[in-house]
Amino acid sequence: MASSSLPETPPCVQIVIDLPGVGGVFDYQVPPHLMERVQVGSLVIVPFGERRVYGIVVAGSPSFQGRATRAIEAVLDERPVVTAAQIELARIISTETLSPLNSVLFAMLPPGLSQQADVLYTWIGPEEVDETRATEKALARLLKRRGPLRGRQIDAALPNRDWRAVARRLVRQGVLRADPVLPPPSVRPKIVRTAQLACSPEEIEAALPHLGRPGSAALARRQAMLRFLLQEPWPLDVTWLYAVSGGNLRDLERLAELGLIHLSETEVWRDPLEGIHPEGEPVEPLEFSEDQKRAWETICQAIHQVEHADVKPILLFGVTGSGKTELYLKAVAEVLSQGRQAVVLVPEIALTPQVVRRFLARFPGKVGLVHSRLSSGERYDTWRRAREGRLSVIIGPRSALFTPFDRLGLVIVDECHEPSYHQSETPPHYHAVQAAIAYARLTKSVLVLGSATPEVHLFYRAQKEEWPLLRLPLRVRVSRVVEGQTSRIETAPMPEVKIVDMRQELKAGNRSIFSRILLENLDQITRAGQQAILFLNRLGSATYVFCRECGYVLKCPRCDIPLTYHLEPQGLICHRCNYRRKMPDTCPQCASREFRQYGLGTERVERELFKVFPHLRVLRMDSSTSRPKGALDLILSHFSRHQADVLIGTQMLAKGLDLPLVTLVGVILADVGLSLPDFRAAERTFQLLTQVAGRAGRGPLGGRVILQTFQPEHYAIRYASQHDYEGFYQHELALRREIGYPPFSQLVRLEFRHREAEVAAHEAEWLAGRIRRWLAESGQPHCDLIGPAPCFYARLEGYYRWQIILRGDDPAAFLRAHLSELKDWRVEVDPPSLL
DNA sequence: AGCACGCCGACT
DNA sequence: GTCGGCGTGCTC
């Protein structure tokens, strides 16, 4: 270790390796010739078994016991790829989420830097193979056709085939060769060759006629190159010279030989923001409203205290359009002025050019952008520029938290309730807000969490731990500064929300999906040249079973959560306890025959709307119409230019778009989401309705929202209609306390997937039995096992899914002792959804 | 992950 | 008898 303070200890370090499934920490020796280069955080290559793998040094090894160790083979990057604080953060995330440390640590690197070890297979056997063995035949054909392939390539070519076992046999038989390989990083710095004049313009002019045979093409090319360089007397990317002259490297080399130019190589940064010019964006801070001023005092004070005291996270409680972004900008400016750095997390969908340009205008040259649509080279370069201190603000989705800043001072998580902050697709299943709380504490940074609808458990924690709560209850409109004038601050009222009881509509003989008042309003505002949005909550709508006459929802007799309707096997099921029953013919409460599931898509809404208002221009936005790349933006820009009167859409409509001509938002059926078998169903519905309601009346025309529902008395709908988050929160919290769900307990969700339904069910039953035994043995009094039951989405991508929920004081701690037995299970601590 | 080792049943 | 299935344990 270069900076080791213990020279008498053996030169050993602890290393975490990039092999899924090998989560441990291993000791390696630092050979003398690498002593100066190996540091905590270094990316190295080490021998592991018969292979070589990538690893990250996580610590020196003072506890070295004299055990046999092997030596580090190479160091890949002169600088550490993670900071000490990041390693500590990875440890915390690993412990909290029950994920192996290596999976967390390597998830912090830009994609392509570290590579997993693989095996290169080469066919060396005869042309003919055993025709009776299908897998063997397929493997041999593949390798003969495409030449040597890596294991990962074969996986892609032969899905669902157990070819590795076959390959092992073939290697033993001597017809197949298997060579371990370690791919080099797929990202590397971009180097361009540059040329620059090496002598005075006079000497160049003098040399111009003597660069080749008179009249030759080479002469003309070389002259063109020099003339261009005379106009641009600095190191110039040679591709420019090729373009203007039609020449190539041979010409340049000739000019270099003659001593007329210098050829050299320079690294260039790939910058996704290069083409973006934030003209028209304010460069100076905007004036604050009274609420913003109050909020700013707290944030500013925190920024100045944080290095000396443990500063609590700050909850910025404000609706969309309440001026949160301006506070973020000012906080970033304050932190930068102290020489520290800032990370701004934004949900991927909200990462619009407008947001980026606003930051870029205020902090030119200092802002880096992370985004899923960037090339891996752009990501890698942004990451390196941040590591080298060339950038000091990073904006991006959850992974941007892992920017290797060494003087972090501020973390902002905007719209912190957004589900995209939880990584659900691939392990490690962490939540960026949880991680940010830990990271801010570790790095002594200020953390600002912004949301109008914070998750109930977060708000509960904020209250309990007395986090500062900053309220921005009003929407602000800032008239842009006119020459020399100060900007004006106006506040806009929240839109009026009207609840329509659809049972009454039915009683009055209206069997349509639209209430009379919604139709009246639609007619009125479109006549006035304004626009409307019709929102349809699709999630789970086909499984939502209720009585159209009395609104009754059938619940599980054991769990008291709504039953859902499924086709396979047909009937009603409780996704909590696996209780099943057939669909009743009549409503159990009022005996009406109108008891059935509710299936409704945007196409149907469009058709029904056409029947009433054939003249209206209607746009439809759902996953099918916006599937093609760019279609979403196209539909939205079409609508915002008023080339349509009505926009019909699903969830994706709820996110922060600003459409000033929209004066009416209609929610076709507000209660759909309430019947989902998830204890957060009410919370999700409240959030969604609040966001959708926020779409109306963003402009000076004002606006109203119409919520159609069969459960007008439901608290989620009532509080959403009153824009009353805290009322909802109190109600929801009381319910959670009663039923013992978070924040009054912790959940761990265990999921198993298999292509065969019985195997999945069987494995789930088996594990449930084992867990019950572990619970009994450990005398764990405060842990319930819920399930096993099929997941709400019982089949996903061809896999049958079953789940087990553990609920208790600390089920994660209990499971930690049994992790090795959950190898094939997906484990989610604090799952964001139980579907 | 990959590869040993070791244990079992099914065929040359 | 061997081949090949797969459960278990190990890699510094």
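Order of the sequence lines sets the chain letters (A, B, ...), proteins ahead of strands, with each chain counted from 1.
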Side chain to side chain donor-acceptor pair (under 3.5 Å) between A:Ser114 and A:Asp18, worked out:
CA-CA 8 Å; A:Ser114 175; A:Asp18 193 2; 2.6 Å; yes
Phosphate oxygens OP1/OP2 of B:dG2: is one of them under 4.0 Å from a side-chain N or O of A:Arg168?
no
So what does A:Arg51 touch, heavy atoms closer than 4.0 Å: a base, only the sugar-phosphate, or nothing?
base
Hey, is A:Arg384 close enough to A:Asp381 for a salt bridge, meaning N to O under 4.0 Å?
yes
Roughly how many Å is it from CH2 in A:Trp766 to P in C:dG7, rounded to a whole number?
10 Å
Check each of A:Arg188, A:Arg37, A:Arg387 against A:Asp77 using the salt bridge (Lys or Arg N to Asp or Glu O under 4.0 Å) test, and report the only one that passes.
A:Arg387
Between A:Thr69 and A:Gln29, does the side chain to side chain donor-acceptor pair (under 3.5 Å) criterion hold? Intermediate values first, please.
CA-CA 6 Å; A:Thr69 46; A:Gln29 246 163 290; 2.7 Å; yes
When you measure from the side chain of A:Phe26, which nucleotide among B:dA1, C:dT11, C:dG4 comes out closest?
C:dT11
Report which part of the nucleic acid A:Phe48 touches: base, sugar-phosphate, or nothing (heavy-atom distance under 4.0 Å, all strands).
base
Tell me the interatomic distance from A:Arg164, atom CZ, to B:dA1, atom C1', rounded to whole angstroms.
8 Å
Closest to the side chain of A:Val22, out of C:dC12, B:dC3, C:dT11, is C:dT11
Among C:dG4, C:dC12, C:dT11, the nucleotide that comes nearest once only the side chain of A:Arg169 is considered:
C:dG4
Output the rounded distance in Å from CZ (A:Arg152) to C1' (B:dG2).
12 Å
In whole angstroms, the gap separating P of C:dC6 from NZ of A:Lys823 amounts to 15 Å
Please give, in whole Å, the distance from B:dG2 C1' to A:Trp163 CH2?
11 Å
Nearest whole Å is fine: how far is C:dT11 P from A:Tyr28 OH?
10 Å
A:Tyr430 ring center within less than 6.0 Å of A:Tyr439 ring center
no
Return the value, rounded to whole Å, for the distance between atom CG of A:Asp155 and atom P of B:dG2.
8 Å
Here the distance between atom P of C:dT11 and atom CG of A:Asp27, to the nearest Å, is 12 Å
